[in-house]
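Accompanying notes for the structure given below.
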Amino acid sequence: METTPVFVYMRSMLDSVAPPMPIPGHIDPVPVPRAKTFRDDGRIDLIGLGKDELRQTLLDAGMELRQAKLRSKQIWHWLYNRGATEFSAMSDISKTMHPWLEERFVIGRPEVVEAQVSTDGTRKWLLRSPDGQDYEAVFIPDADRGTLCVSSQVGCTLNCRFCHTGTMRLVRNLTAGEIVGQVMLARDALGEWPSQPEGRMLTNIVMMGMGEPLYNFDAVRDALKLVMDGDGLALSKRRITLSTSGVVPMMARAGAEIGVNLAVSLHAVTKEVRDEIVPLNKKYGIEELLQACADYPGANNARRITFEYVMLKDKNDSDAEAHELVRLLKKYNLPAKVNLIPFNPWPGAAYDTSTPERVRRFSDIVFEGGISAPVRTPRGRDIDAACGQLKTAAEKKSRAQMDREADEKMAALG
């Protein structure tokens, strides 16, 4: 993504600065702990801090221990249950303390650069971080649920060839605060404070926005723990789905430490095709990926693994490939559901959408094999909010440039 220049706004609490993100093409970037950072006004954003971190932050700022224990619980409740954005709204905290808090801390929300609403009710927000990086979140309303599609990175390293986001360079990981901030901003927009389990419009979260969640594991885990905390946003782990393109070494850890539903971007059943459209397959092949799915903690018939399969004309949509999909899923005895996704075109895309007749035939074969294979209804296409379309409008690249960057990433995979 061609982003605005990074503003120099942070000063580190440590003398050293964390190394930059790896260049595009690195498949297994090593997580580097980041020093705690400040805004340009010197204040610390409390959004994204866990309960213990919040208490410690108050202590570090000079609050007495007993006071910090009490105030951290009160502030936590106001942040994540009540949705407060100002300390002055915290009525059970003394008014004399509000200025002390305001001087040192801030309750952040992503800056909304643009908010769009599709003709089908889908909402997309173009968001901007304090350092000038843009990312997107999408809310998809249905009759019986409302799903928020959340981003985990600014850009992406994986270059899945059918995905618009995959044509972007990875700029950086989003922080836990920036990830959970997308949920809180959506709650703001939908008027869903205080937090309560009944009557919500936002009922589900999918980590299917910009980026590969398992390449930003710690921040995604910490953010989702905040979302699932019963004292705060209180969204059940059964209503959260994490999607991965197949970062096999991190899948078991995701099941153990996060425990949400798993979705896998499969999209092909042969090495040749998947190597082309999901280059990560060169690192972790289909068989290795499916074994990791079979080993995923908590997967069962009540919590099936979802396999995403984008339908590309004359590329992965034949009868033979549908039969092979059934064979593979049965070979590994996977509790599976297949989401068939008609390809959502974007300027410069190298593929076409399978015909409706071909999609239906593919779906019928998988269903006949005993595996659920619904066809996803495209949502938000008119605002580029559909699956695979997330990419900020600020970036414009030629097809040649996208191909060069794709070749760089493919070369890095060997």
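Values below: all heavy atoms of this structure, side chains included; hydrogens, waters and symmetry mates excluded. Predicted model, so just to flag it, every value in this text is computed and none were measured.
The two residues Pro213 and Leu242 make their nearest non-hydrogen contact at CB-CG, 4.0 Å.
Here the straight-line distance linking atom CG of Asp60 with atom CZ of Arg55 works out to 11.5 Å at 0.5 Å rounding. Here Gln56 contributes atom CD and Leu54 contributes atom CG; the two are 10.5 Å apart, rounded to the nearest 0.5 Å.
Looking only at side-chain heavy atoms (C-beta outward), Thr203 and Asp144 stay at 4.5 Å or farther from each other. Residues Tyr80 and Asp231 form no side-chain contact, since every pair of their non-hydrogen atoms from C-beta on lies 4.5 Å or further apart. Counting heavy atoms from C-beta outward, Asp229 and Lys51 have side chains that approach closer than 4.5 Å.
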Go through the steps for Met250 and Arg253 under the test side chain to side chain contact (heavy atoms under 4.5 Å, CB included), then give the verdict.
-> CA-CA 5 Å; Met250 300 300 295; Arg253 189 177 170 195; 3.7 Å; yes

Side chain to side chain contact (heavy atoms under 4.5 Å, CB included) evaluation trace for Val112 with Leu127 = CA-CA 5 Å; Val112 179; Leu127 307 174; 3.9 Å; yes

Checking side chain to side chain contact (heavy atoms under 4.5 Å, CB included) for the pair Leu174/Val154: CA distance, chi angles, key distance, verdict?
-> CA-CA 7 Å; Leu174 293 177; Val154 180; 3.6 Å; yes

Under the side chain to side chain contact (heavy atoms under 4.5 Å, CB included) rule, what do Phe139 and Leu190 come out as? Steps first, then yes or no, please.
-> CA-CA 10 Å; Phe139 176 70; Leu190 297 170; 3.9 Å; yes

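With respect to Arg221 and Asp218, a salt bridge is recorded, a charged nitrogen being found less than 4.0 Å from a carboxylate O.
Looking only at distances, a side-chain donor or acceptor of Glu64 sits under 3.5 Å from a matching main-chain atom of Gln67. Between the side chain of Arg274 and the backbone N or O of Gly285, no donor-acceptor pair lies under 3.5 Å. Checking side-chain atoms of Ser245 against main-chain N and O of Ser265 turns up no donor-acceptor pair under 3.5 Å.
Within 6.0 Å of the CG atom in Asp92, the count of heavy atoms belonging to other residues, nucleotides or ligands exceeds 12.
Taking the six-membered ring where the residue is Trp, Tyr351 and Phe343 present perpendicular rings, their angle passing 60° and hence far from 30°.
Among Ile205, Leu235, Leu233, Ile258, the one residue that satisfies the side-chain contact (heavy atoms from CB on, under 4.5 Å) test with Met228 is Ile258.
At a cut-off of 3.5 Å, with distance as the only test, no side-chain donor of Glu212 or Ser152 sits close to an acceptor on the other residue.
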